[in-house]
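One structure below.
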Amino acid sequence: MVLPEDFNACQSIVQQFQAFFDHPGIEKIGHNLKYDIKVLLKYGIKVTAPIYDTMIAHYLINPDMRHNMDVLAETYLQYRPQSITELIGKKGKNQRSMREVPIAQQTEYAVEDADITFQLKQHFSQELASGGTQELFDTVELPLVPVLTAMEAEGICLDTPFLNELSIQLQTDIDALEKGIFKQAGETFNLASPKQLGPILFDKLKLVDKPKKTKTGQYSTAEDVLSYLAKDHPIVANILEWRSLQKLQNTYVTALPQEINPKTGRVHTVYNQAVAATGRLSSNNPNLQNIPIRTPRGQEVRKAFIAKDADHVLLAADYSQIELRIIAALSKDPAMVSAFQEGQDIHTATAARVFGVAPDAVNRAQRSQAKTVNFGIIYGVSAFGLSQQTELNRTEAKELIDTYYASYPQLRNYMSDQIHFAREHGYVTTVLGRRRYLKDINSQNAVVRGAAERNAVNAPIQGSAADIIKLAMIRLQHRIQEDGWRAKMLLQVHDELVFEVPKDELDDFQILVKKEMEQAFTLDVPLEVDLGVGQNWLEAH
DNA sequence: GAAGTCACG
DNA sequence: ACGTACGTGACTTCA
């Protein structure tokens, strides 16, 4: 039947199926179930029955591939389902509503969808078992679905008047900068067009002899290039400033208020549980995992994320150095493990070892260099890459890396073990057995192979961190429900969770959050969580 | 829709 | 000799 357009009439029909969605003996199989569960939630239906999500199953089977149902049907079932485009037309203003499609066609489409999903499950159950990811699926990824559903449905408050005021200030500065830049350039042009900007900087003003080009042959005007040239001409600093303000204005300050849901008055991101090849989540519509924090003007944007009223605060809880702790634990490097066990500042401890001085004697430049190498290790450093990120030349960068490995000898062994494992098995794994396949690990092409080798090192680290925070989220949401907390989990930003907490619960809830996150997984080094509280997200850091 | 750029961890 | 740090999403320009 076609459901009525009237919400209440529709709801009274849909709600008759509540018992079905609760029935523990009838598993609910779907492809991207979070989407369907959220639709049902709009009508007050809660899905409490066991679930099986074929999109997530395939994500664990091969995280690097796409997981569209039509592609999967062709691959696994040798069947090409009717496309949604055939039914309602291409995306755009002429696209029909499903309601306008004749009921017979709707029915055919719906039952085909259900049938394919059911058949895909039979294939994927086999593959999950043979890939060793059945437990990860059952105990982490599926239990995470209702957690993410609840977070998305909850949303977060935005201080719109504050953003509107910020927008006016930004625009004043943007206009003034633009005026100055055109004067310095001696002409007006589209400043947002790198294609137009390049010739001004490198043909007209001749800032350098051999300008760096992009892969399509156009002059590169990227931030790292321009930062390097800022000392040569005052126009460059102005361009960089204009770019950063324009970015804040367009991507956040004017865009975010338009994302507020009029029904809830809050912003509801959508988490994608099946895109990041390492096991991380991603966030879109809007992306709330890349809200500015690094610059003073950017921090103003973060201030706009607020608790819902004066009786609540935002609580931010982030894992301290989780990826370095993981590489320390996985490599079992004695020096790095003991640095964490003794609660030392890891960058200072690293600098002390690398530069051969006492920890108190480490200066800022040394700590900063050690920090850059520590991060570089996670990504798979090269001397060239490190020299790009620091003041060092390639020779100095190479020396620093060599000294680093001498300080943490087990790290080098661990990394080469990962690469060898990948060469032999074709994949690497995280602490919970999540796999990433690396088809290029034995490539003849050194560039391609090098990239795969860096992935062999990075994926287990980034992916294990993702595993651990997912465990913490599931446990915390469980405790929130079972113990009857009124606090809500709102956001996840890779190593951070953000909660909205009634002030009268705050002291006890902080203890719970810290404990559950730190105890989520046991490594040979302690996990440490920093907490922050405030009326807004910036204060909570 | 690709390319370039830049926000975050 | 060669090209180079890991993972994302959003915005603007331009063919």
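Computed from heavy atoms alone, side chains included, the values below leave out hydrogens, waters and symmetry copies. Note that the structure is a prediction, hence the values are computed from the model and not measured.
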Exercise for the section: Return the nucleotide paired to C:dA1: Watson-Crick means purine N1 to pyrimidine N3 with N6-O4 or O6-N4, wobble means G-U with N1-O2 and O6-N3, both under 3.5 Å. Expected result: none
Exercise for the section: Just name whichever nucleotide pairs with C:dA10, Watson-Crick or G-U, keeping both distances under 3.5 Å, else none. Expected result: B:dT5
Is [X] near enough to [N] that one of its side-chain N or O atoms lies under 4.0 angstrom from OP1 or OP2?
{"X": "A:Thr221", "N": "B:dT5", "answer": "yes"}
{"X": "A:Thr216", "N": "B:dA3", "answer": "no"}
{"X": "A:Asn445", "N": "C:dG3", "answer": "no"}
{"X": "A:Asn250", "N": "C:dT12", "answer": "yes"}
{"X": "A:Arg454", "N": "C:dT4", "answer": "no"}
{"X": "A:Asn272", "N": "C:dT8", "answer": "no"}
{"X": "A:Thr251", "N": "B:dC8", "answer": "no"}

Handout entry: Nearest-nucleotide comparison on DNA chain C, the residue closer to the 5′ end among A:Ser193 and A:Pro286
Key =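 Final value for this comparison: A:Pro286.
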Does a sphere of radius 6.0 Å around [atom1] in [X] hold more than 12 heavy atoms from other residues, nucleotides or ligands, not counting ones at 6.0 Å or beyond?
{"X": "A:Glu86", "atom1": "CD", "answer": "yes"}
{"X": "A:Arg475", "atom1": "CZ", "answer": "no"}
{"X": "A:Lys215", "atom1": "NZ", "answer": "no"}

Problem - Flag side-chain contact, heavy atom, 4.5 Å: A:Val147 against A:Leu476 - result: no
Side chain of [X] only, heavy atoms from C-beta on: which candidate in [options] is closest?
{"X": "A:Arg394", "options": "B:dT5, C:dT4, C:dG9", "result": "C:dT4"}
{"X": "A:Arg243", "options": "C:dA10, B:dG9, B:dT5", "result": "B:dT5"}
{"X": "A:Pro194", "options": "C:dG3, C:dG7, B:dT5", "result": "B:dT5"}
{"X": "A:Tyr252", "options": "B:dA7, B:dG4, C:dG7", "result": "B:dA7"}
{"X": "A:Glu223", "options": "B:dC8, B:dC6, C:dT8", "result": "B:dC6"}
{"X": "A:Leu386", "options": "C:dG9, C:dC14, C:dA5", "result": "C:dA5"}
{"X": "A:Ser282", "options": "C:dG9, B:dG9, C:dT4", "result": "C:dG9"}
{"X": "A:Lys215", "options": "C:dT13, C:dG7, B:dG4", "result": "B:dG4"}
{"X": "A:Gln462", "options": "C:dG3, B:dG9, B:dA7", "result": "B:dG9"}
{"X": "A:Phe384", "options": "C:dT4, B:dA3, C:dA10", "result": "C:dT4"}

Handout entry: Inter-nucleotide P distance (C:dG3, B:dC6), Å rounded
Key = 23 Å
Exercise for the section: Provide the distance between the two P atoms, one in B:dT5 and one in C:dT4, to the nearest whole Å. Expected result: 14 Å
With distance as the sole criterion, do the side chain of [X] and the base of [N] form a donor-acceptor contact below 3.5 Å?
{"X": "A:Arg294", "N": "B:dG9", "answer": "yes"}
{"X": "A:Gln289", "N": "B:dC8", "answer": "no"}
{"X": "A:Ser382", "N": "C:dT4", "answer": "yes"}
{"X": "A:Lys247", "N": "B:dC6", "answer": "yes"}

Using only heavy-atom distances, determine whether the side chains of [X] and [Y] contain a donor-acceptor pair under 3.5 Å.
{"X": "A:Thr372", "Y": "A:Thr390", "result": "no"}
{"X": "A:Gln184", "Y": "A:His233", "result": "no"}
{"X": "A:Gln410", "Y": "A:Asn413", "result": "yes"}

Handout entry: d(CD, A:Gln299; P, B:dC8) in whole Å
Key =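 Those two atoms, CD and P, are 10 Å apart.
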Exercise for the section: Round to a whole Å and report the spacing from NZ of A:Lys213 to P of C:dG3. Expected result: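 Rounding to the nearest Å, NZ of A:Lys213 and P of C:dG3 are 15 Å apart.
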